[in-house]
Amino acid sequence: EDQVTQSPEALRLQEGESSSLNCSYTVSGLRGLFWYRQDPGKGPEFLFTLYSAGEEKEKERLKATLTKKESFLHITAPKPEDSATYLCAVLNAGNMLTFGGGTRLMVKP
Amino acid sequence: KAGVTQTPRYLIKTRGQQVTLSCSPISGHRSVSWYQQTPGQGLQFLFEYFSETQRNKGNFPGRFSGRQFSNSRSEMNVSTLELGDSALYLCASRDGANEKLFFGSGTQLSVL
């Protein structure tokens, strides 16, 4: 059974204080690892897809990286508007998507 | 392009009743999947439909069922509701060639 574990569960940062979110996974035949952002009362919004170890993707203050066992979402100089829950998910060879529990990020001005 | 639309936004039911939730995908998207989100279990996959056929099913009891129509709109049905079915039900669509999911805002179901 595929498993995705995200840490920490919650993270409080001051505006401008860079940090990283972790996503550890075990999966049968990784087809892709996804990062989503979810704001309260809304559905998740797609951020990145990573396909193989060593791959990196960037968007504004966010950078996602992938190894064979984990992925990191690095947040550089975050702003209050980056506050949200960040979800990681893995897609396996059978086309099943498994989500982690998420990291709730709060950025204080 | 309009996003994924889910109706109703909120629903209150009592134990034993049944409920039907609706999802209209992004125009041109033929794949629709459903997820249950709870504070304790997070996001869990229910099922995926593509061109009116169920392609994958998660580990949920048979009380949870779905269907997809020829216009790609999808419905999800839960029969004999239990208190533990209280959750946010999310629908997501994709265009088939791309694994990127587009989610609706969900239906918040409360079972009393």
Side-chain angles (χ1 to χ4, degrees), chain A residues 1-10 21-25 27-52 55 57 59 62 64 66 71 84-105, chain B residues 2-10 21 23-26 29-51 53-60 74 76 87-109:
Chain A
E1 188 177 313
D2 300 338
Q3 287 199 329
V4 181
T5 304
Q6 291 188 246
S7 62
E9 288 187 12
L21 281 54
N22 177 264
C23 170
S24 298
Y25 64 90
V27 62
S28 52
L30 179 71
R31 287 191 55 203
L33 184 139
F34 301 82
W35 283 98
Y36 285 86
R37 168 192 170 128
Q38 186 173 23
D39 292 295
K42 295 189 175 181
E45 179 185 348
F46 172 81
L47 291 172
F48 303 108
T49 308
L50 301 166
Y51 292 102
S52 56
E55 190 174 358
K57 293 230 174 125
K59 179 181 178 181
L62 300 177
L66 181 64
S71 177
T85 296
Y86 290 85
L87 297 163
C88 168
V90 293
L91 184 69
N92 68 14
N95 239 14
M96 297 283 286
L97 193 64
T98 302
F99 279 86
T103 293
R104 191 161 58 94
L105 174 67
Chain B
V4 177
T5 305
Q6 290 189 247
T7 56
R9 188 73 177 90
Y10 301 95
L21 312 182
C23 172
S24 292
I26 290 173
H29 286 192
R30 293 196 291 164
S31 167
V32 173
S33 50
W34 289 88
Y35 292 83
Q36 181 195 66
Q37 187 173 34
T38 59
Q41 300 295 319
L43 262 163
Q44 292 186 286
F45 172 74
L46 282 156
F47 28 66
E48 181 188 12
Y49 286 87
F50 183 85
S51 294
T53 301
Q54 187 180 86
R55 286 217 297 198
N56 264 317
K57 190 178 191 312
N59 191 24
F60 277 81
S74 177
M76 191 192 97
L88 179 67
Y89 290 89
L90 290 161
C91 166
S93 74
R94 61 187 181 93
D95 67 10
N98 194 328
E99 295 113 350
K100 174 178 161 181
L101 293 175
F102 293 84
F103 284 86
S105 293
T107 294
Q108 184 67 54
L109 172 65

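Just so you know, these numbers come straight off a predicted model, no measurement behind them.
Listed by chain and residue number, A:N22, A:E70 satisfy the side chain to side chain contact (heavy atoms under 4.5 Å, CB included) test with A:S24 (two or more places apart in sequence, or in another chain). B:D95 meets the side chain to side chain contact (heavy atoms under 4.5 Å, CB included) test with B:H29, B:A97, B:N98; sequence neighbours excluded. Every residue two or more places apart in sequence or in another chain that forms a side chain to side chain donor-acceptor pair (under 3.5 Å) with A:N92 is listed here: A:D2.
Distance check, rounded to the nearest 0.5 Å: CZ of B:R55 to CE of A:M96 gives 12.0 Å. In this structure, A:L97 CG and B:E48 CD are separated by 9.5 Å, a value rounded to the nearest 0.5 Å.
For chain B, no part of A:F48 is nearby; none of its heavy atoms comes within less than 4.5 Å. The part of B:Q37 that comes within reach of chain A is its side chain, from C-beta onward, which places non-hydrogen atoms under 4.5 angstrom from that chain. With a 4.5 Å cut-off on non-hydrogen atoms, B:Y35 touches chain A through its side chain but not through its backbone. Both the backbone and the side chain of B:L101 come within contact range of chain A, with heavy atoms under 4.5 Å apart.
The two residues A:R31 and B:E99 make their nearest non-hydrogen contact at NH2-OE2, 2.8 Å.
Between B:F45 and A:F99, the ring center distance fails the sub-6.0 Å criterion.
For CD of A:Q3, the number of neighbouring non-hydrogen atoms (other residues, nucleotides, ligands) closer than 6.0 Å is 12 at most.
Using a 4.5 Å heavy-atom cut-off against chain B, the contacting residues of residues 34-44 of chain A are A:F34, A:Y36, A:Q38, A:G41, A:K42, A:G43, A:P44.
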